[in-house]
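Taking it in order: structure first as structure tokens, then the write-up.
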2 protein chains.
Amino acid sequence: MDRALDPALFKSLCDPTRLTLLCCLLKCARPASVGEIAACCAVDLSVVSRHLHALRAAGMLRVQRDGRTVRYEAPAAALAERFRDIAAAIDACCGPADAACNPSDAGCGPSKNCCSPGDTHA
Amino acid sequence: MDRALDPALFKSLCDPTRLTLLCCLLKCARPASVGEIAACCAVDLSVVSRHLHALRAAGMLRVQRDGRTVRYEAPAAALAERFRDIAAAIDACCGPADAACNPSDAGCGPSKNCCSPGDTHA
DNA sequence: TGCATGGTTGCGTCATGATGCAAGTATATG
DNA sequence: CATATACTTGCATCATGACGCAACCATGCA
């Protein structure tokens, strides 16, 4: 679960502008150039460029160059699956009747306190 | 989809410490006091208190008072569903064959460009 | 080769937020 | 009522990051 709940993933989505860009690309459902995408929100093109770069770094977008044009695309199916993985991870660790709880996950389960003092989870 | 992809949700999860706290509570699968939860990570108790407050404000936690003790709990099933809703929203807008695309969602669908200039999506 | 187009990168500014300490509040307990 | 416990809040500090502007590549075209 600690793997599914990746801070980097949420970090890439916590900015409203970035989320707007991703949303725009999801709706477009096709590769779009940076200039096109920039029309979605009222910020400088350079800002859009950086945001798209960040989203790609987080695995939220695919990129392809075509001459001097750079096209970004949102892999909708993969993204949806990613969120479903998170949901599954939550269910697996804390699911009904503790059945799906993975024993290798130390301290996991309703009957145990995973937060013993000193366990910094770091 | 713009509703499912809520910046506030991701904002509440983008901080590593906050994510650790949520993760801890999910594993515990029971209400835990602030002091207990604080043992999960090496930050000041006041910081933990604030983070828990923020998570609750984002709807990620439930809270209950018992005398001077405050117990937080992670509603695992609800959280999992929330992520599945996001996945479903992505699929619905950009699903296979454009079938699930909601026509009321202006500009939605592969055949149209939702990012026409001036459309700030704001 | 010269110039326009499409993006990216450097840099300074500004706002937000994470953190710790200290003080404050509220509830038990003697 | 005094004191300890469990948290919360005010405040100062510091780091991160979003933004715009300007300068800079890199590609295409005349």
Side-chain angles (χ1 to χ4, degrees), chain A residues 6-25 28 30-58 60-73 113 115 117 120-122, chain B residues 6-25 28 30-58 60-73 113 115 117 120-122:
Chain A
D6 181 15
L9 190 159
F10 298 113
K11 217 164 191 174
S12 74
L13 299 177
C14 72
D15 180 70
T17 302
R18 217 148 43 218
L19 208 52
T20 298
L21 295 174
L22 177 63
C23 212
C24 172
L25 274 168
C28 287
R30 59 171 178 80
S33 71
V34 177
E36 265 182 307
I37 302 167
C40 282
C41 51
V43 295
D44 196 83
L45 184 68
S46 68
V47 173
V48 173
S49 173
R50 267 189 270 253
H51 278 316
L52 293 173
H53 194 83
L55 284 168
R56 177 178 134 54
M60 311 299 290
L61 296 179
R62 276 198 305 255
V63 68
Q64 70 195 63
R65 298 193 81 105
D66 175 24
R68 59 189 166 182
T69 302
V70 176
R71 284 183 223 284
Y72 284 93
E73 185 178 18
N113 178 5
C115 310
T120 59
H121 286 215
Chain B
D6 181 14
L9 190 158
F10 299 113
K11 218 165 190 172
S12 74
L13 299 177
C14 72
D15 180 69
T17 302
R18 218 151 40 220
L19 207 51
T20 297
L21 295 173
L22 176 63
C23 211
C24 172
L25 275 168
C28 288
R30 60 171 179 80
S33 71
V34 177
E36 267 182 306
I37 302 168
C40 282
C41 50
V43 295
D44 195 82
L45 184 68
S46 68
V47 173
V48 173
S49 173
R50 267 188 270 254
H51 278 316
L52 292 173
H53 193 83
L55 284 168
R56 179 179 132 53
M60 311 299 290
L61 296 179
R62 276 197 305 253
V63 68
Q64 71 195 61
R65 297 193 83 103
D66 175 23
R68 59 187 166 185
T69 302
V70 176
R71 284 182 224 284
Y72 284 93
E73 184 178 18
N113 179 5
C115 309
T120 59
H121 285 216

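Proteins come first, then strands; the chains are lettered A, B, ... in the order of their sequence lines, and each starts at number 1.
Here CZ of R50(A) is found 13.0 Å from OG1 of T17(A). Values are rounded to the nearest 0.5 Å. To the nearest 0.5 Å, the span separating CG on L22(B) from NE2 on H51(B) amounts to 12.5 Å. Rounding to the nearest 0.5 angstrom, the gap separating the CG atom in L55(A) from the CG atom in D15(A) is 9.0 Å. Rounding to the nearest 0.5 Å gives a distance of 15.5 Å between OH of Y72(B) and CZ of R30(B). Here the CG-CE distance, from L19(B) to M60(B), works out to 8.5 Å after rounding to the nearest 0.5 Å.
Side-chain atoms of L21(B) and L61(B), non-hydrogen and from C-beta on, never get closer than 4.5 Å to each other.
Between the NE2 atom of H53(B) and the C1' atom of dA6(D) there is a distance of 16 Å, rounded to whole Å.
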*Indicate for each nucleotide in nucleotides 12-24 of chain D, in 5' to 3' sequence, whether protein heavy atoms under 4.0 Å reach the base (B), only the sugar-phosphate (S), or nothing (-).*
-----SSSBB---
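Of the possible donor and acceptor atoms, one in the side chain of T20(A) sits under 3.5 Å from a partner among the backbone N and O of P16(A). The closest donor-acceptor contact from the side chain of R18(A) to the backbone of S12(A) lies under 3.5 Å.
Within residues 62-70 of chain B, the residues approached by DNA chain C to less than 4.0 Å at the level of any non-hydrogen atom are G67(B), R68(B), in residue-number order.
Heavy-atom contacts of chain A under 4.0 Å fall on DNA chain C between two terminal nucleotides, which in 5' to 3' order are dA4(C) to dC11(C).
The pair E73(B)-R56(B) fails the salt-bridge criterion, with no side-chain N (NZ, NE, NH1 or NH2) lying under 4.0 Å from an Asp/Glu carboxylate O.
Less than 2.5 Å separates the SG atom of C24(A) from that of C40(A).
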